[in-house]
Asker: 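Take a look at the following structure, please.
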Amino acid sequence: FVCIAVIFIVVAMELRNPGFTITYDSCGGTDVMANNQMYGELLEEPEPPTREGYLFTGWYKDSACYELWDVNNDIIESDIMLYAGWQKLQ
(Lines give C-alpha, C1' and ligand atoms only; values in the text may rest on other atoms or scores of the structure.)
Protein backbone atom coordinates (compact mmCIF):
# COMPACT_ATOMS: atom_id res chain seq x y z
CA PHE A 1 0.00 0.00 0.00
CA VAL A 2 2.81 2.44 0.87
CA CYS A 3 4.56 1.64 -2.40
CA ILE A 4 1.40 2.40 -4.39
CA ALA A 5 0.95 5.71 -2.55
CA VAL A 6 4.54 6.75 -3.31
CA ILE A 7 4.12 5.89 -7.00
CA PHE A 8 0.89 7.89 -7.11
CA ILE A 9 2.58 10.95 -5.58
CA VAL A 10 5.50 10.78 -8.03
CA VAL A 11 3.17 10.38 -11.01
CA ALA A 12 0.97 13.25 -9.78
CA MET A 13 4.03 15.50 -9.41
CA GLU A 14 5.18 14.65 -12.95
CA LEU A 15 1.74 15.51 -14.35
CA ARG A 16 1.66 18.88 -12.57
CA ASN A 17 5.22 19.87 -13.50
CA PRO A 18 5.47 20.71 -17.21
CA GLY A 19 9.21 21.26 -16.85
CA PHE A 20 11.18 24.22 -18.10
CA THR A 21 10.50 26.13 -21.30
CA ILE A 22 13.21 26.23 -23.95
CA THR A 23 12.61 29.12 -26.35
CA TYR A 24 14.51 29.52 -29.60
CA ASP A 25 15.40 32.80 -31.32
CA SER A 26 16.22 31.84 -34.90
CA CYS A 27 17.86 35.25 -35.48
CA GLY A 28 16.45 35.73 -38.96
CA GLY A 29 15.96 32.06 -39.78
CA THR A 30 12.81 29.99 -39.97
CA ASP A 31 10.68 29.75 -36.83
CA VAL A 32 11.47 27.10 -34.22
CA MET A 33 8.76 26.14 -31.73
CA ALA A 34 9.46 26.36 -28.00
CA ASN A 35 9.34 23.11 -26.05
CA ASN A 36 9.39 21.90 -22.44
CA GLN A 37 11.96 19.65 -20.83
CA MET A 38 12.64 18.48 -17.31
CA TYR A 39 15.48 19.51 -15.00
CA GLY A 40 18.71 17.62 -15.67
CA GLU A 41 17.88 16.52 -19.21
CA LEU A 42 20.10 17.10 -22.22
CA LEU A 43 18.60 19.38 -24.84
CA GLU A 44 16.32 17.62 -27.30
CA GLU A 45 17.46 19.55 -30.34
CA PRO A 46 14.71 20.70 -32.70
CA GLU A 47 15.09 20.65 -36.47
CA PRO A 48 17.65 23.37 -37.23
CA PRO A 49 16.29 26.57 -38.73
CA THR A 50 17.23 27.60 -42.25
CA ARG A 51 18.19 30.99 -43.61
CA GLU A 52 18.94 31.74 -47.22
CA GLY A 53 22.62 32.50 -47.78
CA TYR A 54 23.70 31.26 -44.32
CA LEU A 55 24.93 28.08 -42.65
CA PHE A 56 23.44 27.25 -39.22
CA THR A 57 26.32 26.89 -36.70
CA GLY A 58 24.36 25.78 -33.63
CA TRP A 59 22.43 27.05 -30.65
CA TYR A 60 24.07 29.63 -28.39
CA LYS A 61 23.43 30.70 -24.81
CA ASP A 62 23.91 34.39 -25.62
CA SER A 63 22.55 36.65 -28.35
CA ALA A 64 26.09 37.57 -29.48
CA CYS A 65 26.63 33.85 -30.24
CA TYR A 66 29.87 33.46 -28.28
CA GLU A 67 28.88 30.66 -25.89
CA LEU A 68 27.73 27.56 -27.78
CA TRP A 69 25.20 25.27 -26.07
CA ASP A 70 27.00 21.91 -25.72
CA VAL A 71 24.27 19.42 -26.63
CA ASN A 72 26.34 16.52 -25.25
CA ASN A 73 27.00 18.02 -21.80
CA ASP A 74 24.84 21.08 -20.97
CA ILE A 75 21.71 20.17 -19.04
CA ILE A 76 18.40 21.94 -18.58
CA GLU A 77 18.31 23.75 -15.22
CA SER A 78 15.78 26.52 -15.84
CA ASP A 79 13.75 28.27 -18.52
CA ILE A 80 16.19 29.31 -21.24
CA MET A 81 16.37 31.21 -24.52
CA LEU A 82 18.77 29.84 -27.13
CA TYR A 83 19.96 31.82 -30.14
CA ALA A 84 20.73 30.50 -33.62
CA GLY A 85 24.24 31.11 -34.87
CA TRP A 86 24.83 31.79 -38.56
CA GLN A 87 27.82 31.87 -40.87
CA LYS A 88 27.39 33.81 -44.12
CA LEU A 89 28.03 31.67 -47.19
CA GLN A 90 30.43 33.00 -49.81
Side-chain angles (χ1 to χ4, degrees):
F1 179 72
V2 171
C3 198
I4 292 172
V6 169
I7 290 172
F8 176 75
I9 291 170
V10 170
V11 169
M13 288 176 65
E14 287 293 319
L15 292 175
R16 277 191 337 204
N17 184 356
F20 295 109
T21 302
I22 296 83
T23 308
Y24 301 93
D25 183 341
S26 65
C27 301
T30 54
D31 288 339
V32 177
M33 298 292 291
N35 66 337
N36 288 347
Q37 289 189 237
M38 300 306 287
Y39 178 88
E41 292 181 339
L42 293 174
L43 179 68
E44 294 175 12
E45 281 190 278
E47 277 293 314
T50 58
R51 183 177 175 191
E52 191 169 329
Y54 290 83
L55 173 68
F56 176 70
T57 61
W59 292 109
Y60 292 81
K61 299 176 187 181
D62 60 306
S63 61
C65 295
Y66 288 121
E67 193 175 355
L68 184 65
W69 182 274
D70 183 345
V71 295
N72 296 312
N73 294 304
D74 288 340
I75 59 170
I76 305 301
E77 296 179 328
S78 63
D79 292 338
I80 55 171
M81 167 76 80
L82 295 177
Y83 302 87
W86 300 103
Q87 179 182 0
K88 188 161 181 64
L89 297 174
Q90 297 296 327

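Residue numbers start at 1 and run along the sequence shown. Bear in mind the structure is a predicted one, so any value in this text is a computation, not a measurement.
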Asker: If two hydrophobic side chains count as joined below 4.5 Å and joins carry through other members, does Leu82 share a cluster with Tyr60?
Answerer: no

Asker: Measuring centre to centre across the rings, with the benzene-like ring taken for any Trp, is Phe56 within less than 6.0 Å of Trp86?
Answerer: yes

Asker: Of all the heavy-atom pairs spanning Ala84 and Pro49, show the shortest one and how long it is.
Answerer: CB-CG, 4.2 Å

Asker: Do the side chain of Asn36 and the main chain of Gly19 share a donor and acceptor less than 3.5 angstrom apart?
Answerer: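 Looks like no, no N/O pair under 3.5 Å.
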
Asker: Which value, rounded to the nearest 0.5 Å, describes the distance between Lys61 atom NZ and Asp70 atom CG?
Answerer: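 Going from the NZ atom of Lys61 to the CG atom of Asp70 covers 7.5 Å.
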
Asker: What's the separation between atom CG in Leu43 and atom CD1 in Ile22, rounded to the nearest 0.5 Å?
Answerer: 6.5 Å

Asker: Is it true that atom CD of Glu77 has more than 12 heavy atoms of other residues, nucleotides or ligands lying nearer than 6.0 Å?
Answerer: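 Above 12, so yes.
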
Asker: How long is the span from the CG atom in Leu55 to the OG1 atom in Thr50, to the nearest 0.5 Å?
Answerer: 11.5 Å

Asker: Which distance, rounded to the nearest 0.5 Å, do you find between the CD1 of Ile76 and the OH of Tyr39?
Answerer: 11.0 Å

Asker: Are the side chain of Ser26 and the backbone N or O of Val32 linked by a donor-acceptor pair below 3.5 Å?
Answerer: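 No, because the side chain of Ser26 does not come within donor-acceptor range (under 3.5 Å) of the backbone of Val32.
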
Asker: Hey, what do you get for CE (Met33) to CD (Glu47), rounding to the nearest 0.5 Å?
Answerer: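 Separation between the atoms: 14.0 Å.
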
Asker: Could you grab the distance from atom CH2 of Trp59 to atom CG of Asp74, nearest 0.5 Å is fine?
Answerer: 15.0 Å

Asker: If hydrophobic clusters are built by linking Ile, Leu, Val, Met, Phe, Trp and Tyr wherever their side-chain heavy atoms come under 4.5 Å apart, do Val71 and Tyr83 end up in the same one?
Answerer: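 Different hydrophobic clusters.
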
Asker: Which heavy atom of Gln37 sits nearest a heavy atom of Glu44, and at what distance?
Answerer: OE1-N, 2.9 Å

Asker: How far apart are the closest heavy atoms of Met81 and Tyr24, and which atoms are they?
Answerer: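 Closest pair (atom of Met81, atom of Tyr24, distance): SD-C, 4.1 Å.
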
Asker: Which pair of non-hydrogen atoms, one from Gly40 and one from Ile75, has the smallest distance, and what is that distance?
Answerer: O-CG2, 3.5 Å

Asker: Applying the 4.5 Å side-chain criterion to the ILVMFWY set and letting contacts propagate, would Leu42 and Leu68 be lumped into a single cluster?
Answerer: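 They do not share one cluster, since no chain of ILVMFWY contacts under 4.5 Å joins Leu42 to Leu68.
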
